[in-house]
Amino acid sequence: QSRRRERGVVAGKERPRARAAVPALHQLYYDPNIENKNLAQKWLMQAQVSPQAWQFCWVLLRPEKVPEIQYFGASALHTKISRYWGDIPAEQYDTLKMQLFSQIAHFASGSKIVLTRLCVALASLALNMMPEAWPGAVSEMVRMFQEEGGEVDGRARCLALLELLTVLPEEFQTSRLPQYRKGQVRGALGSEWTAVYPLLQQLLRQPDSPPLVKARVLKCLSSWVLLDVPLNESEGLVEASFTALADPELFDTAVEAIVNTISQPDSQRYVNTLLKLVPQVLQLQEQLRDAVQNGDMETSHGICRIAVSLGENHSRALLEQVEHWQSFLALVNMIMFCTGIPGHYPVNETTSSLTLTFWYTLQDDIMSFEAEKQAIYLQVYRPVYFQLVDVLLHKAQFPTDEEYASWSSDEKEQFRIYRVDVSDTLMYVYEMLGAELLSNLYDKLGRVLTNTEPTTTWQDTEALLYGFQSIAETIDVNYSDVIPGLIGLIPRININNVQLADTVMFTIGALAEWLADHPVMLSSVLPLVLQALGNPDLSVSSVSTLKKICRECKYDLPPYAANIVAVSQEVLIKQIHKTSQCMWLMQALGFLLSALPVEEILRNLHSLITPYIQQLEKLAGETPNPSNKLAIIHILGLLSNLFTTLDITKQEEESGENAPPIKSAPPQTGPNPVVVVLQQVFALIQTVLSKWLNDSQVVEAVCAIFEKSVKTLLHDFAPMVSQLSEMLGQMYSTIPQASALDLTRQMVHIFASETNHFPPIKALFESVTSVTLTIFQQGRHAGNNQLQRTELIPRCADIPPVGQVVQEDGKLLLLAVLEAIGGQSSRSLMDQFAEVLFCLNKHCFALLTVWLKEALRSPGFPSSRVSNEQKDTFSQQVLRERVNKRRVKDIVKEFTLVCRGLHGTEYAADY
């Protein structure tokens, strides 16, 4: 294959394209009109990749041009070199290289942003030439800039060289080199470290090196270690970086250099070097304490990053150096200081959060040792982790009410997330400390609650409860002997604060499973939960806790049911809670009612939902408007959530082969209460639909009631099948909606194989099929429609009427799918169309073989851009894949790109 070659890549005369670039750049940078800016940017992007770019980029770099124009010229050079390397004749490599050296030397004393782009361009050139066409590239760069000459002073040359050396590894990381070339070039760059190291070492240790030069050296080191430079080969530079931490001007760049160096995965091989770094980190403790005392958050943050980086990346390697256990323990204690750094996160400090992952890593490494070795380490580190629990609970404490009130909403949210991270850490630590941790927390909580001294605050109580909650949420505490005592302590807590009340609620919720095994304790905590339901400030915690209790303890709640329903009704009528909490509350009531006898369920349902049915009747008679729409959706949502969990047939699910006998509801007789209610309100729902059928949100809310009921009741929903099928068919025929299609799928899935229900299901299926095929032909809603096709096609063998429909209309479906793939539908829907093809191929292979052959025989179908050979290939590929759905999706994506004329373009790369 011939390659287009550029006539020349060096500086030339000013061409028309160069003259046009100048006003376009002015338009891009200075024109206030956004449309003009967009047009200019589009033109410049095209100009940058044009063959003329080689000539005009040099023109734009001329000294008389402003930096913005020079920057574009340098960027155009980089674009041409990095993306169109194959266009450059090999005989022009050296000319281009020298031209770039010359430009960099010129801009060494000029614009920094232009200098950087030129360095990136030369770096790209070097990467493309290395190692064969430019052996020793880095050594030559160093030599070129160290030579005296020209008008550029030594310091400017030095800074330009450091910039070039810094961007070289960075450009390698983002380069488009083929994989085999990347390996070659990485090796060549690694071997050139011997040319870079002495230069950086000299500049960093020279007493007269300006701070700016030293900062660039440190930045260069950060860049080169990304190439996995062996840690022992950069040891001297790391040591010098530690020295640089004492200079405030170099502190930030020195931290980055040290952290980047010791974070490289390969560095764990160099244990001797790591052992030398530990005392250097420990020597920073005095600087760290001074920074904390003086409120210097930047310095404390930087030193903490270094300590955590060494500990987190190399804890196992350092743990295994048993003779150095004391120095590693000292490093662990230094990190503990960082975890417990004074002040509240994120207002007074932002450092402690950096340390949390270290504690996970250290624990994992200790617990991964064999039993005997692990026991030795646990003797040393269990006390450390008990100390960590105290530190974390202290850090998780809320500030004073006055201080907390002064925080911004963003600071409060960051603190909330921080507490979640602390909670996760406590839960993890439990794996090491076990039941002793719960005993420890219980003893402390007991002392706090019996302490009459004024120094004890609600924050102390809240933090200890938060510790219990963190563990009980995810760990099975059923066999803990302290939980009964904890439940006994909870009513003694003086709850005079919203945050404390929230945590009390969440703690009770976390113990819901334990309460299910110890129902006698329900009477101690349930009154607290019901009382909290009436407080809007405790909405989330109280409602979620009640829901957990009703789910886990429902068979022990009948004695409390009347009270729970009454309180819930009261708060719902008073509209104390937001919509989502109202939905949770209805789910809680669904769980609760599930355990009652049918007549009691019906009685409670009547009192619970009658007010809403009356309100819905009133709304159904009103002219549709945005206000009553929201009210209708809210009421329908309440019913949906109630029916989601109201299941009189379901027993608790956590039974296993060796599990104790399960508590269950008494045997139920008569019609299902949910079906009774649905039959009573069915006519009202139809009335609502008659006025709101064109509103997808209302239709979705209606469908949700039935869909959730069907999912919960399964075959107990049978009495509703006939009337719901009829209503669904009418809905979908009038105005097709995705939610109606989803509900139809659910109905077909459950009831299509039952003889008694087949006639209404068949009628619904035929109606939906007819409408769907029409929509397919119109190219609308294709992504949703495929859900229904793929649901029914697998039933074509075992349900004769389904097979009949597929035989009669299957080819029409295939034509619609191929038309969509050919370019009539969005590319984002191709996975769905691929699923239809895969389904047809798997279940109707013989038919699909014939249909594909007939359909693709038509000239210009599904696209005029595909040849007969390409269509044959596509057909064979699809028919071959009857197991691998992912492969069919790839085949369809490839074919649709060909059909659209996009194959091989940049659009295809993003697809």
Side-chain angles (χ1 to χ4, degrees), residues 201 204 218 221-222 225 228-246 250-251 254-292 299-341 351-352 354-366 368-369 373 376-385 387-388 391:
Q201 181 88 319
L204 202 52
L218 292 166
L221 172 60
S222 285
V225 295
D228 295 329
V229 170
L231 183 61
N232 63 341
E233 292 182 17
S234 57
E235 194 176 308
L237 280 173
V238 178
E239 189 178 318
S241 301
F242 272 97
T243 305
L245 290 170
L250 300 177
F251 182 82
V255 168
E256 290 300 324
I258 295 167
V259 168
N260 286 340
T261 303
I262 59 184
S263 298
Q264 293 309 305
D266 194 52
S267 56
Q268 59 190 350
R269 292 168 45 204
Y270 305 97
V271 177
N272 290 334
T273 305
L274 291 173
L275 288 171
K276 293 177 189 175
L277 292 178
V278 175
Q280 293 185 66
V281 174
L282 293 175
Q283 284 174 6
L284 300 174
Q285 288 183 94
E286 186 178 350
Q287 189 179 356
L288 172 62
R289 293 182 193 279
D290 289 345
V292 170
T299 299
S300 57
H301 196 81
I303 293 174
C304 174
R305 282 185 64 202
I306 292 171
V308 168
S309 182
L310 182 59
E312 193 175 305
N313 287 288
H314 307 295
S315 64
R316 186 175 184 93
L318 293 171
L319 276 170
E320 288 179 329
Q321 309 310 306
V322 181
E323 64 277 17
H324 297 279
W325 71 271
Q326 287 175 308
S327 64
F328 183 61
L329 181 59
L331 177 65
V332 171
N333 285 323
M334 182 179 177
I335 295 172
M336 180 77 77
F337 176 82
C338 295
T339 304
I341 204 161
T351 298
S352 58
L354 298 177
T355 67
L356 298 181
T357 309
F358 164 74
W359 299 109
Y360 286 81
T361 305
L362 178 61
Q363 179 176 323
D364 283 345
D365 288 336
I366 291 170
S368 69
F369 288 125
K373 197 172 183 181
I376 296 169
Y377 280 104
L378 285 174
Q379 282 185 334
V380 176
Y381 285 100
R382 270 177 67 87
V384 173
Y385 273 84
Q387 182 191 351
L388 173 66
V391 168

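Numbers here are sequence positions counted from 1. The structure displayed is predicted, hence computed values, not measured ones.
- Atoms CZ and CD1, from Arg289 and Ile303 in turn, are 11.0 Å apart once rounded to the nearest 0.5 Å.
- A distance-only check finds no donor-acceptor pair linking the side chain of Tyr381 to the backbone of Leu362 [under 3.5 Å].
- Using modelled atom types, one side-chain atom of Gln287 and one backbone atom of Leu245 make a donor-acceptor pair closer than 3.5 Å.
- One finds the CG atom of Asn232 at 10.5 Å from the CG atom of Leu274 (value rounded to the nearest 0.5 Å).
- Looking at every heavy atom in both residues, Ser263 comes nearest to Val259 through OG-O, 2.5 Å.
- Within the 3.5 Å criterion, the main-chain N or O of Leu282 finds a donor-acceptor partner in the side chain of Gln285.
- Using a 3.5 Å distance cut-off with no hydrogens or angles, the side chains of Thr273 and Glu235 do pair a donor with an acceptor.
- Minimum heavy-atom separation, Val281 to Ile306: CG2-CG2, 4.0 Å.
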Solution key, residues 324-341 side-chain donor-acceptor pairs under 3.5 Å, sequence neighbours excluded:
from   : atom 1 : to     : atom 2 : distance (Å)
Ser327 : OG     : His324 : O      : 2.9
Asn333 : ND2    : Leu329 : O      : 3.3
Thr339 : OG1    : Ile335 : O      : 3.1
Thr339 : OG1    : Thr355 : OG1    : 2.8
Thr339 : OG1    : Trp359 : NE1    : 3.1

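- Rounding to the nearest 0.5 Å places CZ of Phe358 at 11.5 Å from CD of Gln363.
- Of all non-hydrogen atoms in Tyr377 and Ile366, the two that sit nearest each other are CB-CG2, 3.9 Å.
- Remark: Asp266 pairs with Arg269 by the side-chain hydrogen bond (donor to acceptor under 3.5 Å, both in side chains) rule, at least two apart or across chains.
- Across every non-hydrogen atom of Gln268 and Asn313, the tightest pair is OE1-O, 4.2 Å.
- The distance from atom CG of Leu204 to atom OG of Ser241, rounded to the nearest 0.5 Å, is 6.0 Å.
- Taking CD of Gln283 as the reference point, atom CG of Leu288 lies at 14.0 Å (rounded to 0.5 Å).
- Nearest heavy-atom pair, Val225 versus Ser222, reported as atom, atom and distance to 0.1 Å: CG2-O, 3.2 Å.
- The environment of CD in Glu323 is crowded: more than 12 heavy-atom neighbours from other residues, nucleotides or ligands sit within 6.0 Å.
- By the side-chain hydrogen bond (donor to acceptor under 3.5 Å, both in side chains) test, Lys373 is found to be paired with no residue, residues two or more places apart in sequence or in another chain being considered.
- For the pair His314 (side chain) and Ile262 (backbone), a donor-acceptor distance under 3.5 Å is present.
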| said: Quick one, Val229 with Gln264, criterion side-chain contact (heavy atoms from CB on, under 4.5 Å). Give me CA distance, side-chain angles, the key distance, then yes/no. | reply: CA-CA 9 Å; Val229 170; Gln264 293 309 305; over 6 Å; no
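- Of all heavy-atom pairs between Leu378 and Pro383, the closest is O-CD, 4.0 Å.
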| request: Run the numbers on Leu218 and Leu237 for side-chain contact (heavy atoms from CB on, under 4.5 Å), then give the verdict. | output: CA-CA 9 Å; Leu218 292 166; Leu237 280 173; over 6 Å; no
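- Judged by distance alone, with hydrogens and angles left aside, the side-chain atoms of Ser368 form a donor-acceptor pair with the main-chain N or O of Asp365 at under 3.5 Å.
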